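Every chain is numbered from 1 and lettered A, B, ... according to where its sequence line falls, protein lines coming before strand lines. Treat the numbers as computed from the prediction; the structure is a model and nothing was measured. Keep in mind that the numbers below use all heavy atoms, side chains included, and drop hydrogens, waters and symmetry copies.
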There are 2 protein chains.
Amino acid sequence: MAEISRQADAVHRTRTPLSRQRVLSAAVALADEGGVDALSMRKLAQELGVVPMALYKHVAHKNELLDGMIDVLVGEIDPPVADTDWKTAVRLRVLSARRMLLRHPWASGIIEARMKARAAPTPAVLAYLDSMIGIFRAGGFSVGLVHHAMHVMGSRLLGFSQELFDDAPGREPDPDAPPPEEMAARYPHIAELASAVAHDAGSVVGSGCDDQYEFEFALDLTLDGLARLLP
Amino acid sequence: MAEISRQADAVHRTRTPLSRQRVLSAAVALADEGGVDALSMRKLAQELGVVPMALYKHVAHKNELLDGMIDVLVGEIDPPVADTDWKTAVRLRVLSARRMLLRHPWASGIIEARMKARAAPTPAVLAYLDSMIGIFRAGGFSVGLVHHAMHVMGSRLLGFSQELFDDAPGREPDPDAPPPEEMAARYPHIAELASAVAHDAGSVVGSGCDDQYEFEFALDLTLDGLARLLP
DNA sequence: ACCTGAACACCGTTCAAGT
DNA sequence: ACCTGAACACCGTTCAAGT
């Protein structure tokens, strides 16, 4: 059913000419639908009712497509709120970035992949970082201190949650995983923590973690730590 | 030349029978050499002087290969130091994890990819986390507090530096990047920070960032923040 | 029963042929 | 000059044929 309407869309879109903006929007939509693995030049072209090579008129190669997508996403982050202290301004903006990231769960993957390829930040990311540095500077941070602050915040500035593992529910239990009692014997501290958190959560099924709460907890601990460095 | 000795290795290894351990070691070595992009089932088989399908006797599929590699890497992290306070113990272990990560720069990529695929942590990672939780518990953290602590530490527990972009030197300047003066006009706060850091670094060419210093700065700020939560 | 070559269904991108 | 189909060099994995 989704298949049929997508086909119709593709046929319809054949009329309107391709543009970089339309290519990027379609790429974001495609990744939103099926994850970043579902995003290939060939599938994107099909979605747009166009031959694969036609895309190369608007993006030089796939990496440039990914760059453009990142800029689209960073453009979705709210601008800084004026007339507040630095801590509130940073906090609100980071939480806005996090909402963007939750809307596009695949985004952190391509941003990190880009970073690991040692590519320079995209213009939109540079503008975002520049604005963030500006907030710290206006809040009284020296240049040296804001440098450390940017490193401390790291990818959390863009709303990354930097979990070590995803404990969200909905994971199908591994059929050949050891039984719970054996797990508890082998990893007693994890078991203690997991049972306490599960009990604590009450109605929440599966993982008892409130990811939003934990994110804000870590963010506030970090911001408070930075505030303590101010003269 | 490296090509020739690798070929000789491959021929020699044909004699000794394949084992899961040998497959994993060769995979780690291959990734160390050429990055994770250079690691394919086909190239790995060639390196081992074996037909690609022979690998599937020892790993069910590529994801299981990656899992095995992660366990090899986590096994390289030093065991916890006994007879110290929790903060020192955590600090030393995280710094050991970071040294492992610096030896294998591709490791964070596959660990994060695994996490994003919502796969359960590997046994070695579970054991590592269990041991870390144990250190916090012995240090007087309640179950609830250690839960928050694990979220706050996040992937930094494994030595991840969670930078937003890699400012290391050695990046070839983008030929169609805007000239420095235009960059400075467009991103004034980044320019101010960059010039101050570069001046500060003295002899260091390119990026003036001391990544190790910044990592420890962020780690200590986090640990101090956690210490302040203890009763 | 074990091993393995060919084949399948993809991928990003090049390039030459068609308009 | 523009557009595009076929082709190239890969990839992980299936499967049937060979020993």
Structure string for DNA chain D in dot-bracket form, Watson-Crick and G-U at under 3.5 Å, | interchain: ||.|||||...|||||.||
Salt bridge check: are A/Arg20 and A/Glu64 linked by an N-O gap of less than 4.0 Å?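 Looking at A/Arg20 and A/Glu64, the cut-off is met.
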Just checking, is any N or O donor in the side chain of A/Ser155 or A/Glu112 under 3.5 Å from an acceptor N or O on the other one? no
Centroid-centroid under 6.0 Å between B/Tyr213 and A/His151 rings: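 Not close enough - the centres of the two rings lie 6.0 Å or further apart.
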Atom-to-atom span, CG of B/Leu18 to P of C/dC2 - whole angstrom: 16 Å
Donor-acceptor pairs under 3.5 angstrom involving side-chain atoms of residues 56-63 of chain A: please list them, not counting sequence neighbours.
from: A/His58; atom 1: NE2; to: A/Leu18; atom 2: O; distance (Å): 3.4
from: A/Lys62; atom 1: NZ; to: A/Leu39; atom 2: O; distance (Å): 2.9

Tell me, do A/Ser131 and A/Arg93 make a side-chain contact under 4.5 Å, heavy atoms counted? yes
Salt bridge (Lys or Arg N to Asp or Glu O under 4.0 Å) partners for B/Arg156, two or more places apart: none
Letter per nucleotide, 5' to 3', of nucleotides 7-19 of chain C [B base touched, S only sugar-phosphate touched, - untouched; heavy atoms, 4.0 Å]: B---BBBBB----
Please enumerate all residues that pass ring-ring contact (aromatic ring centres under 6.0 Å, His included) together with A/His104, with sequence neighbours excluded. A/Trp106
Give a yes/no answer on whether the side chain of A/Lys57 brings an N or O atom under 4.0 Å of OP1 or OP2 in D/dC3. yes
Contacts of type side-chain hydrogen bond (donor to acceptor under 3.5 Å, both in side chains), residue B/Thr222, not counting sequence neighbours: none
